[in-house]
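Okay, structure first, notes after.
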Amino acid sequence: MNTLRLQRKMQFVVVRDHTGMMQVTHKRGGEGDEVETALEGLTPESAVRITGRVVDNPIVKLGGLEIIPESVEVLNRAETPLPIDEQTGLEHRMDWRFLDVRRRPQAQLLFAVQTTFEQGMREYAYRQGCTEMHTPKLMGTASESGAEVFKLGYFDRSAYLAQSPQFFKQMAISAGIDKVFEIGPVFRAEPSFTSRHATEFTGVDVELAWIDGVEDVMAFEEQMLAHAIAKVADAHGEAIQETFGIEVTVPTTPFPRITMAETQEILRAKGWDPAGVKEDLDPEGERGIAAHIKEQTGHEWVFVTHYPTSIRPFYHMRPADNPGVTLSFDLLWKGLEVTTGAQREHRYNVLMKQAAEKGMSTEPMQDYLNAFRYGCPPHGGLGMGLGRVLMVMLGLDSIREATFLFRGPNRLTP
């Protein structure tokens, strides 16, 4: 039940389902009129089943049609008043997210877009011969450094929630599954209160074996994105334009590429990081380089490559002729980082050396490291945040809007 206008002689109600809205018009019949009584007792958002005749009525705004009801069945009467309305702020809407999604066409469209986008990525991955994997979300040791992981009780010992399926994807590569992808939950114990961070989010992860270099990984990603966005534009382009006021443009490939060193040079010339101390890009730097690339090339996407070894994990491969950098990348869309990827180091002795350089104990990671001792091929991969991509695609202000039930440092409900 969307809205009710119950007049002295007529009852007008608008009902809604996933296909749209419809006006129901009933002329009051007085005593003994069961339809009148049922409609009179309704409230907005009540679940109803109405049976009647569909008739032409050119003055009805909703498609020039209306239903003349023959029976009204109240399946679940909604309490009144509702806890949220059009003026309710984001945080309070999140408390009543099921109602928020139900009442707002933007939210309904978001999940339709998400479904089509995921379908497009899967379609591309399958066509490339990828195997879809499901990796554990519980780990016996904290992955990588042990920072930013959630620790939980596991029978008589501790377990950790996986920050990424990274190590498991690489094990799959070592298991002879040459192209692997997964779309699943990722957990980050970051106390970040920004519009783009969540403590649990959906990651899109890919790992590719027998690559010639990190360029193969970037080429896979840009083609996958172009394919999936084309599907979204085709299925929902008009609705997105109408609902969000945003035109979905299918990106041309290849995306521009720029090294981290060049990026820093360009940004510093424009006044970013005047002290010259930042090794990584902050949000301002990401927006700055994206704006520069857009100005130069007209492209909304850019791969920033060759990050310094100091800010990348030990398992990122380093070029022999320039060991101070890694064969890695971040992908920015309209100035927001949506992906991190790299060629992985697949040689056991080099991995051990790079872990030692980072001062890491290799003992807790022995299961992972064992995957490289018996003939693991060259490989690389990427991890993409689904919510961030949807956020940019639909011009949303916060990742909270791009998630069904958001999880952050202060939110574990509903």
Side-chain angles (χ1 to χ4, degrees), residues 113-133 164-166 169-170 172-173 177-184 202-237 240 247-259 289-290 293-294 296-307 316-317 327-344 377-394:
V113 168
Q114 177 184 305
T115 300
T116 304
F117 182 65
E118 279 191 48
Q119 187 187 1
M121 289 191 292
R122 280 196 169 91
E123 202 171 75
Y124 180 80
Y126 295 149
R127 281 183 196 166
Q128 298 302 307
C130 292
T131 301
E132 187 168 4
M133 302 293 282
S164 153
Q166 178 62 53
K169 283 189 303 177
Q170 290 186 267
I173 292 292
I177 305 171
D178 286 352
K179 292 177 179 178
V180 170
F181 82 99
E182 175 170 21
I183 300 177
T202 301
V204 179
D205 276 86
V206 176
E207 207 71 26
L208 309 168
W210 304 104
I211 59 171
D212 292 324
V214 69
E215 177 57 43
D216 289 356
V217 182
M218 293 191 282
F220 183 98
E221 178 169 34
E222 65 195 2
Q223 294 291 342
M224 179 172 76
L225 283 165
H227 179 81
I229 291 168
K231 266 192 97 74
V232 169
D234 191 40
H236 310 288
I240 291 169
E247 189 182 345
V248 179
T249 49
V250 181
T252 54
T253 56
F255 297 174
R257 283 120 165 91
I258 184 168
T259 66
I289 197 61
I293 294 292
K294 179 94 163 78
Q296 298 292 310
T297 69
H299 220 290
E300 293 178 344
W301 300 80
V302 57
F303 283 112
V304 179
T305 66
H306 298 85
Y307 279 73
H316 282 191
M317 187 179 269
L327 296 169
S328 67
F329 64 86
D330 274 3
L331 176 59
L332 311 180
W333 186 12
K334 292 187 185 176
L336 182 67
E337 175 210 313
V338 293
T339 302
T340 296
Q343 179 164 0
R344 321 298 184 192
H379 61 283
L382 60 98
M384 178 201 306
L386 179 64
R388 287 192 181 187
V389 174
L390 290 168
M391 203 176 136
V392 182
M393 189 186 287
L394 303 177

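Contact annotation: the side chain of E337 never approaches that of L331 to less than 4.5 Å [non-hydrogen atoms, C-beta and beyond]. In this structure, the side chains of P165 and F181 stay at 4.5 Å or more apart for every pair of heavy atoms. Considering only heavy atoms from C-beta on, S328 stays 4.5 Å or farther from T305 through its side chain. Residues V338 and W301 have side chains in contact (heavy-atom distance under 4.5 Å, counting atoms from C-beta outward). Side-chain atoms of E221 and F329, non-hydrogen and from C-beta on, do get closer than 4.5 Å to each other. Side chains of V113 and V248 form no contact here, defined as non-hydrogen atoms less than 4.5 Å apart. Annotation: side chain of R344 is in contact with side chain of E207 (closest heavy-atom distance under 4.5 Å).
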Pair H306-L327, side chain to side chain contact (heavy atoms under 4.5 Å, CB included): steps then yes or no: CA-CA 5 Å; H306 298 85; L327 296 169; 4.0 Å; yes
Checking side chain to side chain contact (heavy atoms under 4.5 Å, CB included) for the pair Q343/V217: CA distance, chi angles, key distance, verdict? CA-CA 8 Å; Q343 179 164 0; V217 182; 5.9 Å; no
Apply side chain to side chain contact (heavy atoms under 4.5 Å, CB included) to residues L208 and V206 and explain how you reach the verdict. CA-CA 7 Å; L208 309 168; V206 176; 3.8 Å; yes
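Between the side chain of D216 and the backbone N or O of D212 there is at least one donor-acceptor pair closer than 3.5 Å. K179 contributes a side-chain N or O that, together with a main-chain N or O of Q128, makes up a donor-acceptor pair within less than 3.5 Å. Judged by distance alone, the side chain of K169 and the main-chain N or O of L382 form a donor-acceptor pair under 3.5 Å. A donor-acceptor contact shorter than 3.5 Å is absent between the side chain of H299 and the backbone of T297. Within the 3.5 Å criterion, the main-chain N or O of F255 finds no donor-acceptor partner in the side chain of T253.
Using modelled atom types and a 3.5 Å distance limit, the side chains of E123 and Q119 yield no donor-acceptor pair. A side-chain N or O of H379 and one of Q170 form a donor-acceptor pair less than 3.5 Å apart.
In this structure, the separation between OH on Y126 and OG1 on T131 is 10.0 Å, given to the nearest 0.5 Å. Of the inter-residue distances, the one linking L225 atom CG with Y124 atom OH reads 10.0 Å to the nearest 0.5 angstrom. Within the model, atoms CD1 of I173 and CG of D178 stand 6.5 Å from one another, a figure rounded to the nearest 0.5 Å. The CG atom of L386 sits 12.5 Å away from the CE atom of M391 when rounded to the nearest 0.5 Å. To the nearest 0.5 Å, the span separating CZ on F303 from CG on D330 amounts to 10.5 Å. Rounding to the nearest 0.5 Å places NZ of K294 at 8.0 Å from NZ of K334.
Between R257 and E222, at least one side-chain N (NZ, or NE/NH1/NH2) sits under 4.0 Å from a carboxylate O, which counts as a salt bridge. Classification of E132 and R122 as a salt-bridged pair holds, one side-chain N sitting under 4.0 Å from a carboxylate O.
Of all the heavy atoms in I293 and P256, the pair that sits closest is CG2-CG, 3.7 Å. The shortest non-hydrogen separation linking A172 to V180 is CB-CG2, 3.8 Å. Among all heavy-atom pairs drawn from V250 and A233, the shortest one is CG2-CB, 4.1 Å.
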